There are 2 protein chains.
Amino acid sequence: MSTLLDTCAHGLMETTPKIMQSIRMEMRLGHGSDLSIPQFRTLRFIQRSPDSSLSDLADHLGLTLPSVSKLVDGLVKQAFVSRQESSTDRRRLTLVLTKTGETIINSARASALAHLARTLGSLSNEDLKTIHQALELLNPLFISHGRQKLAKV
Amino acid sequence: MSTLLDTCAHGLMETTPKIMQSIRMEMRLGHGSDLSIPQFRTLRFIQRSPDSSLSDLADHLGLTLPSVSKLVDGLVKQAFVSRQESSTDRRRLTLVLTKTGETIINSARASALAHLARTLGSLSNEDLKTIHQALELLNPLFISHGRQKLAKV
DNA sequence: TATTGTTATACTCTATAACTATA
DNA sequence: TATAGTTATAGAGTATAACAATA
């Protein structure tokens with residue numbers, strides 16, 4: 001009967017996709033070169049965790065290695081990222097942001113944040129405090145669970 | 001300088017994709033037949049708004065007609081949905097859930113909700129109240145803006 | 001002419017399976 | 001043998017452009 005719990009679950013299922021769609025749209029329209037959400041997250045991850053390997057990225061995104069390999073393919077093709085050899089382990093590679101990649105991610109991020117801020121702009125400070133608290137509560141509950149490996153059917 | 005606003009925008013950008021990924025994963029693993037998020041939303045929309053047209057659905061999802069046509073193709077192929085002719089306007093079609101579709105959407109929904117409830121399960125009632133309030137605030141701000149029509153480059 | 005929907009084409013996202021190279 | 005990554009293949013998601021049928 002836990003009604004409040006159910007209500008929150010419903011709310012998340014209704015609202016989360018709408019927020020994602022808004023972010024996605026801004027990512028396409030908001031600035032020159034359009035990034036998908038995974039591409040954006042990839043650039044952000046490399047920016048924040050330099051010298052990561054493909055496996056590190058796969059763990060962060062919760063995707064399989066082939067998926068991430070292809071994802072990076074696209075970013076390399078656009079010259080946002082380069083693959084460098086690891087010196088210690090010749091199987092591994094090191095992901096590096098190019099100058100262009102750095103520019104793109106900063107601009108996309110700024111544009112997305114500005115758009116979100118505009119969207120939240122009508123709220124009072126108290127409302128914002130509530131949202132902030134809620135995000136602080138939710139964030140640790142939804143952790144990336146490493147690479148996907150789906151059960152066989 | 002509006003720091004709280006920025007903090008909320010950052011929080012949304014960090015947390016929203018993680019929640020989506022969790023929902024998406026449950027949608028694939030949680031029950032027999034796996035649905036993508038758009039498929040899930042489509043079935044839900046038809047369930048709640050019977051006799052809708054493809055354009056109605058496109059508006060609801062914020063996608064273009066060709067995208068939605070293809071999306072529905074997949075659901076028809078799986079026999080979750082059927083396309084029926086509209087009696088009043090022979091250009092329009094009417095989307096109808098099949099018996100199977102009804103079963104699938106109910107099961108997927110229950111499973112996703114249960115998973116979310118489990119994830120939120122460790123929170124106190126007060127925390128849940130905060131989240132509930134936040135969702136009530138956020139939900140109306142992120143409305144579907146009708147079909148996409150991207151600017152020409 | 002405007003609207004509803006489909007088809008053609010072309011990306012990205014994502015997975016599994018099979019492979020190569022290194023440890 | 002186990003791990004890092006790629007390639008092959010396949011289906012879904014998404015768009016634009018071009019089209020058919022109806023209003």
Side-chain angles (χ1 to χ4, degrees), chain A residues 17 20-21 23-25 27-29 33-43 51-59 61-78 80-81 83-95 146-153, chain B residues 17 20-21 24-25 27-29 33-43 51-59 61-78 80-81 83-95 144 146-153:
Chain A
M20 274 310 289
Q21 175 148 8
I23 296 177
R24 202 180 299 123
M25 187 149 47
M27 229 56 125
R28 290 212 54 191
L29 302 178
S33 82
D34 50 37
L35 294 173
S36 69
I37 301 288
Q39 287 173 333
F40 174 82
R41 297 223 292 154
T42 296
L43 294 181
D51 301 331
S52 292
S53 70
L54 202 67
S55 300
D56 296 334
L57 177 60
D59 285 337
L61 297 176
L63 302 175
T64 60
L65 268 176
S67 298
V68 175
S69 180
K70 218 173 152 191
L71 180 55
V72 168
D73 268 354
L75 294 171
V76 168
K77 215 168 289 174
Q78 293 180 272
F80 296 161
V81 169
R83 290 186 244 235
Q84 318 226 325
E85 293 175 9
S86 162
S87 40
T88 55
D89 184 337
R90 285 176 51 202
R91 291 171 306 180
R92 294 182 147 255
L93 57 80
T94 301
L95 297 168
R147 287 170 241 181
Q148 298 311 307
K149 184 71 179 184
L150 298 180
K152 276 174 197 169
V153 184
Chain B
M20 275 309 289
Q21 175 147 9
R24 201 180 300 122
M25 186 149 48
M27 229 57 123
R28 290 213 52 190
L29 302 178
S33 82
D34 49 38
L35 294 174
S36 70
I37 300 289
Q39 288 174 332
F40 175 82
R41 296 223 292 152
T42 296
L43 294 182
D51 301 331
S52 292
S53 71
L54 203 65
S55 301
D56 296 334
L57 177 60
D59 285 337
L61 297 176
L63 302 175
T64 60
L65 269 176
S67 299
V68 175
S69 180
K70 216 174 150 190
L71 180 55
V72 168
D73 268 354
L75 294 171
V76 168
K77 214 168 289 173
Q78 292 180 274
F80 296 161
V81 169
R83 291 185 244 235
Q84 318 227 325
E85 292 174 10
S86 162
S87 39
T88 56
D89 183 337
R90 285 176 50 201
R91 290 171 306 180
R92 293 181 148 255
L93 58 78
T94 300
L95 297 168
S144 289
R147 288 169 239 180
Q148 297 312 305
K149 184 72 181 186
L150 298 180
K152 276 175 196 167
V153 183

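Every chain is numbered from 1 and lettered A, B, ... according to where its sequence line falls, protein lines coming before strand lines. As the structure is a prediction and not an experimental result, all values here were calculated from the model.
Atom CE of B:Met27 and atom C1' of D:dA12 are 15 Å apart (whole Å). Straight-line distance from the CZ atom of B:Arg28 to the C1' atom of D:dA12: 10 Å, rounded to whole Å. Atoms CG (A:Leu35) and C1' (D:dT14) sit 16 Å apart, rounded to a whole Å. To the nearest angstrom, C1' of D:dA2 lies 18 Å from CZ of A:Arg90. Note: CG (A:Leu61) to C1' (C:dA15) measures 15 Å, nearest angstrom. What separates CD of A:Gln21 from C1' of D:dT14 is a distance of 11 Å, to the nearest Å. With rounding to whole Å, A:Glu85 atom CD is found 12 Å from D:dG5 atom P. Rounded to whole angstrom, the span from the CE atom of A:Met20 across to the P atom of D:dT14 amounts to 11 Å.
Residue A:Leu71 is in sugar-phosphate contact alone, with no base atom involved, counting any heavy-atom pair closer than 4.0 Å across all strands shown.
For the pair B:Ala58 and B:Leu65, the tightest heavy-atom approach, listed with the atom from each and the gap, is CB-CD2, 4.3 Å. A:Leu93 approaches A:Leu54 most closely through the heavy-atom pair CD1-N, 4.0 Å.
When distances are taken from the side chain of B:Gln39 to each of C:dT12, D:dT14, D:dA12, the shortest belongs to D:dA12. The side chain of B:Arg24 approaches C:dT14 more closely than any other nucleotide in the set C:dT22, C:dT14, C:dT12.
The OG1 atom of B:Thr42 sits 6.0 Å away from the CG atom of B:Leu75 when rounded to the nearest 0.5 Å.
Between B:Thr64 and D:dT14 there is no side-chain N or O to OP1 or OP2 distance below 4.0 Å.
When the salt bridge (charged side-chain N to carboxylate O under 4.0 Å, His left out) test is applied to A:Arg91, the partners found at least two apart in sequence or on another chain are A:Asp89. Checked against salt bridge (charged side-chain N to carboxylate O under 4.0 Å, His left out), B:Asp73 has the following partners two or more places apart in sequence or in another chain: B:Arg83.
Considering only heavy atoms from C-beta on, B:Met27 stays 4.5 Å or farther from B:Asp34 through its side chain.
Counting heavy atoms of neighbouring residues, nucleotides and ligands inside a 6.0 Å radius, atom CD of B:Gln84 exceeds 12 of them.
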Counting primed atoms, P, OP1 and OP2 as sugar-phosphate and everything else as base, the B/S/- map of nucleotides 1-8 of chain C against protein heavy atoms under 4.0 Å is -BBSBBB-
